[in-house]
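What's counted below: heavy atoms across the whole structure, side chains too, no hydrogens, waters or symmetry copies.
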Amino acid sequence: AEPALLELPLLLRLSPRLSLLHLLLGVLGGVSRRNFLILLPKDKLAQDVGVLWFEQATMTRLPAVQGMGAARMLAFATLAGGLASGGSTMLLHPIDTVKTQVQAAVGKTPWQVLKAAPSLGRRALYRGIVPAALGASSSHGVRVCIYEGIRMAAMKVTRGAMEVQIQGLASGAGTLVGTVFRVPCEVLKQQLQTGQYNNVVQATHAIVRREGPRGLFRGLTATLGREVPFYVLGMVTYEQLRKFFNDRSVTRNGEGLRP
């Protein structure tokens with residue numbers, strides 16, 4: 001006969017209607033595997049006893065955790081993406097100003113422009129920071145929102161199939177719309193960084209009066225040709241690498257836990 005000390009927690013969980021006498025007899029005298037199976041509830045007899053013991057000894061049933069709704073999750077994703085991109089853009093804007101000065105310099109070497117950068121003054125280094133931060137935060141927030149929205153909706157329809165294609169489609173669509181928000185702000189930022197205008201209002205009026213509204217979207221096609229494949233490749237690679245390392249970690253952590 002096999003001792004029932006190990007089976008006691010299982011009996012308490014699986015069959016709470018067992019009498020105290022049955023449990024005491026099992027502990028004091030031991031019960032055979034056959035007697036143990038007799039004491040199990042009928043709906044558990046078809047299952048592997050070893051699996052039942054493993055589950056009861058190693059797993060804890062937790063209350064279901066309700067996640068946030070899709071709309072709320074998208075709102076948080078948009079806010080987080082916008083704040084992250086806008087904050088980093090504001091922090092690194094002086095470096096971007098120097099880069100624009102180097103690109104716009106005519107008849108000067110990059111080293112000459114860099115040497116003259118300190119003489120521009122702190123205020124000049126922050127020219128165009130408003131449209132730069134506004135464009136970065138709005139474009140990245142919209143990009144993240146569209147990416148997550150398309151990905152969640154498509155995953156529900158396809159039930160996880162075509163994962164890479166969905167990630168590429170969602171990233172491309174998000175980048176396409178986000179870039180439309182960003183390009184006008186980028187045009188205004190560069191005009192201010194090169195000192196052609198004193199403020200955003202003056203730059204906007206001058207560009208629209210000279211070129212019409214299309215002037216604010218100058219370079220849109222070239223920007224899309226760079227941004228869309230860049231973000232599609234980046235996001236798909238990121239998602240697939242994260243999945244690979246996550247699956248690998250779960251596999252390693254689960255070794256030796258089989259019954």
Name the one of T89, D96, T100, T97 that satisfies side chain to side chain donor-acceptor pair (under 3.5 Å) with K189?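 Exactly one option meets the side chain to side chain donor-acceptor pair (under 3.5 Å) with K189, and it is D96.
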Has the side chain of Q193 got a donor or acceptor atom that lies under 3.5 Å from a matching backbone atom of Q101? no
Please say yes or no: joined through hydrophobic side-chain contacts below 4.5 Å, possibly via intermediate residues, are I166 and M235 part of one cluster?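 No, I166 and M235 fall in different hydrophobic clusters.
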Closer than 3.5 angstrom, by distance alone: can the side chain of S85 be matched with the main-chain N or O of G82 as a donor-acceptor pair? no
Looking at CG of L216 and CD of Q191, how far apart are the two atoms once the value is rounded to the nearest 0.5 Å? 9.5 Å
When hydrophobic residues are tied together by side-chain contacts of less than 4.5 Å, even through go-betweens, does F230 share a cluster with Y147?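 No, because F230 and Y147 fall into different hydrophobic clusters, even though each may have its own neighbours under 4.5 Å.
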In terms of hydrophobic clusters joined by side-chain contacts under 4.5 Å, are L134 and F181 together?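 No, because L134 and F181 fall into different hydrophobic clusters, even though each may have its own neighbours under 4.5 Å.
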The criterion is salt bridge (charged side-chain N to carboxylate O under 4.0 Å, His left out); which residues satisfy it with R226, sequence neighbours excluded? none
When you compare the side chain of T194 with that of Q190, does any pair of heavy atoms fall below 4.5 Å?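 Side chain of Q190 against side chain of T194, heavy atoms only: no contact under 4.5 Å found.
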M90 with V130, same ILVMFWY side-chain cluster at under 4.5 Å: yes
If hydrophobic clusters are built from ILVMFWY residues whose side chains come within less than 4.5 Å, do V144 and V228 share one?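 No, separate clusters.
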Who are the salt bridge (charged side-chain N to carboxylate O under 4.0 Å, His left out) partners of R182, not counting sequence neighbours?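 Residues passing salt bridge (charged side-chain N to carboxylate O under 4.0 Å, His left out) with R182: E186, E227.
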Just by distance, with hydrogens left out, do Q240 and Q167 show a side-chain donor and acceptor under 3.5 Å apart?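 Yes - a donor-acceptor pair under 3.5 Å links their side chains.
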Residue of the set V201, V183, N199, T204 for which side chain to side chain contact (heavy atoms under 4.5 Å, CB included) holds with L188: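 Among V201, V183, N199, T204, the one meeting side chain to side chain contact (heavy atoms under 4.5 Å, CB included) with L188 is T204.
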Is it the case that over 12 heavy atoms from other parts of the model lie below 6.0 angstrom from the CE atom of M155?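 More than 12 within 6.0 Å, yes.
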